[in-house]
Amino acid sequence: MIRQDYNRVEPKRRNVLDHRKKQFADLTYKEAHYPTRLNIYAESPTADITLEEFEQWAIDRLRGPVLVELEACSFRNRSPAETAAHMKPMLEKYLPLDTNSSLSTQLAAQRKKDHYSHFILRLAFSSTADLRRRFSRLETMLFRLRLSTDDMRERTAFIQSLNLDWEMVSEDERRQLAAELAATSGTGQGVRKQQAVDEEIWCKVDWDRVPELIETRKVFVKAGKAYVPSREQTSMVVSEFSSFLDRALELTARALPRLDEDDRLSPILDHLSKNFVTPDAAYAHDDNALSGAVINARSIDSLATSHFPLCMQNLHRSLRRDAHLKHFGRLQYTLFLKGIGLSLEECLAFWRQSFHKVTDDTFNKEYRYNVRHAYGDVGGDTNRRGGGYSPFSCQKILTEHPPGTGENHGCPYRHFNVENLTALLQAVGVTDRAVLQGVKEDKEKQKFHMACNRVFEFAHRNEIRRAKEEGVMTAAQLETIVHPNEYFKRSYLLKSLGRDGAADTMTSR
Ligand code: SF4
């Protein structure tokens with residue numbers, strides 16, 4: 001796959017590699033043909049590309065930004081139509097994929113880049129179950145988006161090329177089951193409904209392959225077979241794609257140790273996956289500086305009650321209760337406090353006062369260094385030059401280092417059970433039954449951001465109404481919150497409405 005002249009493995013060392021450990025050892029070069037725009041990525045690429053192409057194509061697909069922006073759309077709960085409109089210019093720029101009917105001269109090059117970049121990222125994101133799940137979800141979103149915007153003829157040709165294990169329903173059988181099929185068609189009544197059945201191309205598959213369609217009663221089931229009309233076949237193709245990719249990622253994960261031998265690719269793949277783990281962690285604390293806000297060790301108690309998201313309120317309450325927090329809790333909270341504009345000196349004072357059960361000596365030996373390190377006051381050059389670590393985004397808090405026994409970090413909407421989450425919300429003043437019920441449903445659907453935004457909107461309902469009436473909120477400020485520090489900033493500005501200059505401050509951000 002990689003051109004030999006870019007191979008940085010010393011010839012001597014290359015010779016002693018166990019031939020069984022060479023990556024893609026059983027692959028032989030095969031000319032790739034791309035008859036359709038869409039690709040299910042069943043065939044590994046085998047042609048040569050340069051290391052530069054290897055890296056750049058992967059970056060374009062991931063942070064071009066294609067996958068990263070798709071993820072942002074899903075966090076912001078954009079509808080499929082809004083997502084398609086938002087993604088169109090980015091896809092055209094970084095990962096264009098024209099149809100055959102466009103007669104573009106770039107078809108082969110575009111499809112090659114799409115094919116290779118998918119496989120490179122597959123390698124980069126197969127190392128952990130979390131990364132695999134996330135990559136598969138985003139690639140599936142991309143596939144669904146492309147499928148829905150595909151040329152009809154090409155799309156049919158693509159689906160046929162997959163040789164999916166579907167059995168077509170014959171004319172006779174369709175006529176025999178006309179009434180049952182019409183009942184699931186959902187359009188019109190009587191004759192119109194029957195027409196709709198006749199116009200569809202029906203196929204039947206084992207019922208357990210289409211659980212979503214069964215659950216939403218969109219298909220008729222008989223003798224273990226689900227009868228699926230053509231309009232619902234998109235979701236079947238997408239689900240085939242997704243399960244195929246999940247299996248492929250598992251296989252890639254097993255083959256990964258072989259790549260450790262390759263000192264050309266490992267650093268690139270490592271870099272790509274690290275960036276993916278913390279997609280939006282680069283939240284400079286200057287972004288959050290609020291003019292006029294009094295942010296010091298003494299004001300944290302009242303700021304926590306009025307403006308902190310539930311994850312940080314939970315950490316603050318645990319800290320006050322135990323006069324202690326474990327490592328990840330301290331790290332998550334310190335970075336958040338740094339992000340709201342608490343200076344290093346005030347942060348050290350805050351932690352010193354909070355850990356009142358330990359001696360000065362213990363505090364200095366065990367805790368002081370970590371706070372300074374988070375601020376970039378000590379540590380390696382990169383850390384210091386970069387001003388330390390960035391505050392954690394919701395994505396990072398939700399997906400990395402789930403809290404164990406005795407730990408209080410993480411996101412309560414995800415990591416608490418429903419009873420404990422409800423109790424915590426009530427303890428911080430969210431007692432409205434409709435809101436609590438909504439949070440419960442969001443949690444069941446794993447829409448943790450939605451739950452958090454629901455609580456935010458409830459806690460700031462009067463201020464939001466006023467801000468809308470006065471037209472002082474920008475469109476960006478009405479978008480879903482996906483960062484704890486954004487929660488704080490928006491809360492602080494909303495609650496400050498009416499104070500001199502607060503409205504100006506809102507519109508200027
Ligand atoms: Fe905190 Fe984000 Fe969870 Fe809200 S969704 S509680 S801001 S981690």
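Numbering of ligands and ligand atoms starts at 1, following listing order. Owing to the predicted nature of the structure, the values given are computational and were not obtained by experimental measurement.
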> Does the pair T234 and R155 meet the rule for a side-chain hydrogen bond (donor to acceptor under 3.5 Å, both in side chains), with working shown?
Replying inline: CA-CA 10 Å; T234 300; R155 176 176 142 150; 2.7 Å; yes
>> Quick check on Y487 - does any of its heavy atoms sit under 4.0 Å from an atom of ligand 1?
In response: no
> So, S496 side chain and Y492 main chain: donor-acceptor pair closer than 3.5 Å or not?
Replying inline: yes
Can you tell me which residue and heavy atom of the protein come closest to [atom], and the distance to 0.1 Å?
{"atom": "atom 4 (Fe) of ligand 1", "answer": "C452 SG, 2.3 Å"}
{"atom": "atom 1 (Fe) of ligand 1", "answer": "C311 SG, 2.3 Å"}
{"atom": "atom 2 (Fe) of ligand 1", "answer": "C394 SG, 2.3 Å"}

> Taking the six-membered ring of F143 as reference, does the NZ or CZ atom of R146 fall below 6.0 Å from its centre and within a 45° cone about the axis?
Replying inline: no
> Should the pair R352-D360 be classified as a salt bridge under the 4.0 Å nitrogen-to-oxygen rule?
Replying inline: yes
> Do H118 and R122 get their side chains close enough for a donor-acceptor pair, meaning under 3.5 Å?
Replying inline: yes
>> Quick check on atom 1 (Fe) of ligand 1: does C411 put an N/O/S atom closer than 2.8 Å to it?
In response: no
